[in-house]
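Bear in mind the structure is a predicted one, so any value in this text is a computation, not a measurement. Sequence lines set the chain letters: A, B, ... in the order given, protein chains first and strands last, and positions in each chain run from 1.
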There are 2 protein chains.
Amino acid sequence: MVTVGSPRPSPRPTPRKRTPRAREIIATARSLLEALGRDGLTMRRLGDGLGIRAASLYKHLDGRADLEVALAETGLDEMGVALHAAVARSPEDPVPAVLGAYRATGLAHPELYRLVTAGSFPRARLLPGLEAWAGEPFFLAVHEPYLAQALWSFAHGTMILELDRRFLDGSDPDRAWRAGAAAFDAARVAGRDTAHRARASRQPPEARETAGG
Amino acid sequence: MVTVGSPRPSPRPTPRKRTPRAREIIATARSLLEALGRDGLTMRRLGDGLGIRAASLYKHLDGRADLEVALAETGLDEMGVALHAAVARSPEDPVPAVLGAYRATGLAHPELYRLVTAGSFPRARLLPGLEAWAGEPFFLAVHEPYLAQALWSFAHGTMILELDRRFLDGSDPDRAWRAGAAAFDAARVAGRDTAHRARASRQPPEARETAGG
DNA sequence: GAGGCTAGGCTAACACTGTTAGCCGCTCAG
DNA sequence: CTGAGCGGCTAACAGTGTTAGCCTAGCCTC
């Protein structure tokens, strides 16, 4: 049975309106990105891919930063769709579900994933609310905002380490994912139980917080 | 009391030998990196900072990639020193200790941290064993390789999200760190207990693993 | 149908990037 | 005293994002 106060998913932000030609450009930019990496995706090469000179791209986009924002928005949108579907599909075991979906979409488009999470790009220009919506399933999975952020952090950290092949030689990323999933699932269950007990004794759960440094 | 089979820390890899002038260049490169960010650190600007033309830098370094590797090595070395010291200092509560040390050194040199973990740079050129040594304290903290990798992933993910200010507005990164620390510490204790029980009943712990997808 | 507007291409150019080739003076070892 | 080489220099090249200005084809209005 679903617990009391189970939060509802927010509506998916509507994608930005773009001209057909702009969408065409973004599509080929995406395939170039995945093929050549972020540095390999240059304006001149993108022009080549479209049979156009680089300068002409500026009739459709505000520049490279704008292009990257557009790419990131498609990536975040797809990630959000996948994660929301995952938690909706298995509400009784949501932690492995979100993590599995997160990992799958990251592995499916590594360069796009890297771009979205790059830190160097103009995140402020992103469609407002999009990134929050895409990350919401972590909250829907564990029902506690800071445990959700910690889970999100774990997912991102593991994903990027796997993509960059930074795990030790011969070690299986799968087992790191599973170890983290187990830890966070235990925390989720523990949190749910203390919330129940707290509700029963009319005491807010904050009062039971540990003191940890 | 320390548990049986507590692993010993590996020796710190000795830093690469470099000429005094090269060390000087790396030092000013580091301050420029922190001031201007990775993109802002150009060869010409680095030359300016030393009263030298950019081309002259090539008398001391093999190029920008080499410079970045050198910077990353100092960063990894400092990180390793801090983490090893942290676990050594508090062996009874190692998880918050490593996490705290990780976070502190990341916050102290954000651009250097970003560089080390950037994924675009020639990680293969790093001093062999350095990165593994720097990450070893995570293993020393939880005594299980895959839980250690998960913990490392969590640390990196949280750090980079905090540096990039990707947590939701108004939310306190501190609480995300604490939530994750609690989850992983619980997992560590649970793992230690099952290991004890397994040792008592002469059964390897792998047999008790969950099936999670 | 004629005239004007504009979308969407083009070339040329600018400032900047990392990097290499080749030159030259100073210092120091033999 | 002389040669070597360290460590600077200038000039140049290919590649980057980006802007200015030109031009043409098609459409809309009168």
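Residues A:Leu112 and A:Thr74 meet the side-chain proximity criterion, which asks for heavy atoms closer than 4.5 Å. Residues B:Val142 and B:Phe138 form no side-chain contact, since every pair of their non-hydrogen atoms from C-beta on lies 4.5 Å or further apart.
Within a 6.0 Å radius of CZ in B:Arg21, more than 12 heavy atoms belonging to other residues, nucleotides or ligands are found.
Against DNA chain D, the stretch residues 22-48 of chain B makes heavy-atom approaches under 4.0 Å through B:Arg44. For the segment residues 55-65 of chain A, the set of residues with a heavy atom within less than 4.0 Å of an atom of DNA chain C comprises A:Ala55, A:Ser56, A:Lys59, A:His60, in numerical order.
Put simply, chain B comes within 4.0 Å of DNA chain D, heavy atom to any atom, from D:dG7 to D:dA12, going 5' to 3'.
B:Arg188 and B:Glu144 are not joined by a salt bridge, as no carboxylate oxygen comes within less than 4.0 angstrom of a charged side-chain nitrogen. Ionic pairing of B:Arg16 and B:Asp77 is not present here: no N-O contact between side-chain nitrogen and carboxylate oxygen is shorter than 4.0 angstrom.
Pairs passing the side chain to side chain donor-acceptor pair (under 3.5 Å) check and including a residue from residues 38-55 of chain A, sequence neighbours excluded, read A:Arg38-A:Glu68, A:Arg38-A:Ser120.
Listed for the B:Tyr146 side chain is a donor-acceptor partner under 3.5 Å among the backbone atoms of A:Asp172.
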Give each protein N/O atom lying under 3.5 Å from an N/O atom of nucleotides 24-29 of chain C, with the pair distance.
none

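Between the side chains of B:Thr105 and B:Glu78, not a single donor N or O lies within less than 3.5 Å of an accepting N or O.
Scanning for salt bridge (Lys or Arg N to Asp or Glu O under 4.0 Å) contacts around A:Asp62 gives an empty result, with sequence neighbours left out.
Ring geometry, B:Trp152 versus A:Phe167: the interplanar angle exceeds 60°, so the pair is classed perpendicular (tilted spans 30 to 60°).
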Stepwise, does the side chain to side chain contact (heavy atoms under 4.5 Å, CB included) test hold for B:His84 with B:Leu140? CA-CA 9 Å; B:His84 276 277; B:Leu140 298 176; 4.0 Å; yes

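Annotation: A:Tyr113 is in aromatic contact with A:Tyr102 [ring centroid separation under 6.0 Å].
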